[in-house]
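In this chain, numbering begins with 1 at the start of the sequence shown.
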Amino acid sequence: LPVLPRRMESYDISHTGGADQVASMVVFVDGRPLKRDYRRFQIQSCGGPDDYGAMAEVLERRFRRYLDGDGKFSPLPDLLLIDGGRGQVGAVRQALRGTALEHVPTFGMVKDDHHRTRAIVDDEGGEIAINRHRNIFTFVTNIQDETHRYANDYRKRAMKKKSYAATLTAIPGVGEKTSAALLAHFKTVAAVKAASISDLEEVKGISHAKAEMLYNALRNGI
């Protein structure tokens with residue numbers, strides 16, 4: 001590379017059978033993880049399993065936040081690493097065409113049949129083998145594993161929150177808005193169930209009558 005890549009950003013997509021798609025952005029600076037700059041994304045544009053489309057969306061949104069002056073997305077990276085192969089890299093390159101990230105070196109991190117990092121690849125399919133260079137192999141593997149871990153952790157948290165919300169929306173008269181307000185206030189379904197009527201009334205949008213209804217419904221095992 002013409003410039004030493006001091007700031008490296010790595011991206012991964014995580015989903016469950018195409019549903020609940022999320023993405024992670026992990027940052028390494030001078031070879032070390034910079035966790036305060038990690039970011040998470042909920043995929044908005046893809047209704048089904050589409051790693052290429054999801055990856056393109058994430059990088060577009062990342063760059064848009066930078067243009068909007070969001071300090072959480074500055075500075076720009078010196079190197080982009082994408083979990084995946086030539087297709088994912090091509091999707092990212094296409095999405096960033098015409099932007100300040102267009103000329104940032106971008107490589108995919110590909111794995112072997114044993115799910116271990118094998119090489120990095122560009123959008124033309126050219127591969128650089130890294131498994132014969134122990135230090136580089138270990139470094140890239142750590143980045144890929146960390147990016148994968150962060151994406152999976154976010155997906156699991158999102159699914160858990162979704163499950164909590166579904167538990168509350170099963171109560172007659174409780175929609176997504178009320179469910180979200182309850183979880184924002186009490187954090188967990190267990191805390192909602194343990195709340196008194198007066199506690200429930202403290203939630204924005206919950207009247208005394210609705211608090212009584214919720215209290216009775218939760219005590220009846222709903």
Side-chain angles (χ1 to χ4, degrees), residues 1-15 21-35 37-46 49-68 70 72-112 115-133 135-152 154:
L1 298 177
V3 178
L4 183 69
R6 294 194 59 198
R7 180 184 175 92
M8 294 175 277
E9 293 182 3
S10 177
Y11 294 82
D12 189 19
I13 304 295
S14 180
H15 57 79
Q21 288 191 95
V22 300
S24 62
M25 166 183 154
V26 162
V27 180
F28 276 64
V29 174
D30 292 332
R32 297 178 180 276
L34 187 64
K35 293 191 175 183
D37 281 6
Y38 284 18
R39 300 290 177 259
R40 290 165 167 163
F41 302 82
Q42 283 190 325
I43 304 304
Q44 301 169 351
S45 63
C46 305
D50 180 3
D51 281 1
Y52 297 171
M55 196 64 78
E57 177 196 319
V58 170
L59 269 297
E60 285 176 339
R61 288 168 59 188
R62 184 257 182 269
F63 183 68
R64 197 182 314 127
R65 295 287 291 274
Y66 166 77
L67 286 180
D68 291 341
D70 189 337
K72 294 179 180 179
F73 288 86
S74 294
L76 293 177
D78 302 310
L79 177 69
L80 292 170
L81 293 172
I82 310 300
D83 187 87
R86 177 182 180 182
Q88 281 85 353
V89 177
V92 168
R93 299 287 293 170
Q94 178 67 28
L96 297 178
R97 190 163 295 168
T99 75
L101 284 171
E102 178 178 10
H103 300 295
V104 174
T106 304
F107 294 93
M109 299 176 288
V110 293
K111 296 181 179 180
D112 60 21
H115 213 62
R116 295 177 300 194
T117 308
R118 172 176 59 80
I120 56 176
V121 61
D122 61 25
D123 59 337
E124 296 181 352
E127 289 194 3
I128 302 174
I130 61 173
N131 53 3
R132 295 181 182 178
H133 305 276
N135 290 341
I136 297 174
F137 172 78
T138 300
F139 180 55
V140 175
T141 297
N142 287 343
I143 292 177
Q144 188 170 32
D145 288 346
E146 176 68 351
T147 313
H148 188 66
R149 178 200 67 77
Y150 198 59
N152 279 345
Y154 182 39

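The distance from atom CG of Asp123 to atom CZ of Arg86, rounded to the nearest 0.5 Å, is 7.5 Å. In this structure, Tyr150 OH and Lys35 NZ are separated by 9.5 Å, a value rounded to the nearest 0.5 Å. Going from atom CZ of Phe107 over to atom CD1 of Ile130 covers 11.5 Å, rounded to the nearest 0.5 Å. The distance from the CG atom of Leu79 to the CG atom of Leu4 is 10.0 Å, given to the nearest 0.5 Å. Here the CG-CZ distance, from Leu67 to Arg62, works out to 9.5 Å after rounding to the nearest 0.5 Å. Once rounded to the nearest 0.5 Å, the distance linking CE of Met55 with CD1 of Ile43 reads 8.5 Å.
Under the 4.5 Å side-chain criterion, counting only non-hydrogen atoms from C-beta, Leu101 is in contact with Leu76. Two residues are said to be in side-chain contact when any heavy atoms from C-beta on lie closer than 4.5 Å; Leu59 and Thr99 fail this criterion. Using a 4.5 Å cut-off on side-chain heavy atoms (C-beta onward), Leu96 and Leu80 make contact.
Residue Ile120 forms a side chain to side chain contact (heavy atoms under 4.5 Å, CB included) with just one option from Ile128, Ile136, Val110, and that option is Ile128. Ser10 pairs in a side chain to side chain contact (heavy atoms under 4.5 Å, CB included) with only one of the listed residues (Gln144, Met109, His148), which is Met109.
More than 12 heavy atoms of other residues, nucleotides or ligands shown are found within 6.0 angstrom of CZ on Phe139. Surrounding CG of Asp68 are more than 12 heavy atoms belonging to other residues, nucleotides or ligands, all under 6.0 Å away.
A side-chain donor-acceptor contact under 3.5 Å links Asn152 and Ser14. Donor-acceptor pairing under 3.5 Å is lacking for the side chains of Asp83 and Gln88. Checking Glu146 against Tyr38 by side-chain atom types alone, a donor-acceptor pair falls below 3.5 Å.
Minimum interatomic distance between Gln21 and Ala54 (heavy atoms only, all atoms of both residues): OE1-CB, 4.0 Å. The heavy-atom pair separating Arg93 from Glu102 by the smallest distance is NH1-O, 2.9 Å. A pairwise comparison of heavy atoms in Thr147 and Ile143 identifies OG1-O, 2.7 Å as the closest pair. Across all non-hydrogen atoms, the minimal contact from Glu57 to Gln42 is OE2-O, 3.8 Å. Contact record, Ser24 with Ala151: OG-CB, 3.4 Å, taken as the closest heavy-atom pair. Taking both residues in full, the closest heavy atoms of Asp122 and Val89 are given as C-CG1, 4.1 Å, listed atom of the first, atom of the second, then distance.
A tilted orientation is assigned to the rings of Phe41 and Phe73, their planes being inclined by 30° to 60°.
With salt bridges taken as basic N to acidic carboxylate O contacts below 4.0 Å, none links Arg7 and Asp78. With salt bridges taken as basic N to acidic carboxylate O contacts below 4.0 Å, one links Arg65 and Asp70.
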